[in-house]
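Every number for a ligand or one of its atoms is a count from 1 in the order of the listing. Each residue takes its place number in the sequence, starting with 1.
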Amino acid sequence: MKLDIIGDIHGCFQEFEELTMKLGYSWESGIPLHNDRKLAFVGDLTDRGPESLRVIEVVYQLVVQANKAFYVPGNHCNKLYRYLIGNKVQTTHGLETTVAEYEALNKDDQQSIQNQFIELYDGASLYKQLDKGKLVIAHAGIREDYIGRTDKKVKTFVLYGDITGKKNPDGTPERRDWAKQYKGSALIVYGHTPVKEPRRVNNTINIDTGCVFGGRLTAFRYPEMDIVQVPSSIPLVAEKFREFG
Ligand SMILES: [Mn+2]
């Protein structure tokens with residue numbers, strides 16, 4: 001199976017469209033399709049960027065209706081899901097942009113987006129083992145000993161990463177560099193932490209190159225291991241990118 005795994009889109013529909021075209025997908029049918037490849041999404045489809053709802057619609061059609069893509073949820077997806085099922089959540093950290101798009105719709109269109117996203121999220125697993133377990137996609141990555149498990153600890157890890165519970169000086173949650181300790185044989189492809197360049201450490205690769213912060217949208221081609229990118233249309237917010245020592 002040949003895959004193109006795409007990092008955190010965060011509502012950057014235009015860059016998503018450009019990237020899939022660069023990868024050779026055709027939008028003739030309204031969604032990006034390829035003769036012998038499938039797309040895969042590492043989560044965080046929405047929030048902060050300009051067209052979150054268009055991203056939801058296309059990913060829903062690809063994953064749920066056409067069975068032509070894989071999707072695992074990110075922390076932003078989890079929060080949007082809780083909002084859409086009627087839980088009380090704070091509309092901050094980017095969710096406010098998705099909610100503003102949603103509230104601007106008429107009731108029928110709201111219902112349609114709500115149903116689509118709930119169905120997409122309900123049908124998703126926390127992470128996905130592909131190619132007979134040789135490849136794992138998980139939003140924030142996964143520890144080797146968590147592969148195969150779906151308990152609460154694993155859910156927290158795949159959505160938020162290896163968080164310590166402490167805060168960084170800038171108020172963001174402190175995250176351990178789990179990839180540095182990873183010794184597994186499965187290749188882990190993930191996003192969540194914006195980096196200037198795709199970061200390969202051991203058998204892991206972070207492909208969140210911060211498109212919504214003015215970086216690039218990145219695809220990782222499997223099994224070729226090639227990187228394909230498009231630049232962001234958004235001005236650079238340099239402090240949002242994590243540097244690793
Ligand atoms: Mn995330």
Colleague: Assign the ring pair Phe220 / Tyr222 to parallel, tilted or perpendicular, where the plane angle (0 to 90°) is split at 30° and 60°.
Modeller: tilted
Colleague: Starting from the Mn ion (ligand 1), look over the N/O/S atoms of His192 and name the nearest one.
Modeller: ND1
Colleague: Under 2.8 Å from the Mn ion (ligand 1) - does any N, O or S atom of Asn75 fall there?
Modeller: yes
Colleague: Report yes or no: does Asp44 have an N/O/S atom closer than 2.8 Å to the Mn ion (ligand 1)?
Modeller: yes
Colleague: Would you call the rings of Trp178 and Tyr182 parallel, tilted or perpendicular, taking 30° and 60° as the class edges?
Modeller: perpendicular
Colleague: Go through the steps to decide whether Arg176 and Asp162 satisfy the test salt bridge (charged side-chain N to carboxylate O under 4.0 Å, His left out), and finish with yes or no.
Modeller: CA-CA 5 Å; Arg176 286 189 201 94; Asp162 197 1; 2.9 Å; yes
Colleague: Run the side-chain contact (heavy atoms from CB on, under 4.5 Å) test on Phe41 and Val72 for me, step by step, so that the C-alpha distance in whole Å, both residues' side-chain angles and the decisive distance to 0.1 Å come before the verdict.
Modeller: CA-CA 6 Å; Phe41 301 95; Val72 294; over 6 Å; no
Colleague: Is His139 close enough that one of its N/O/S atoms sits under 2.8 Å from the Mn ion (ligand 1)?
Modeller: yes
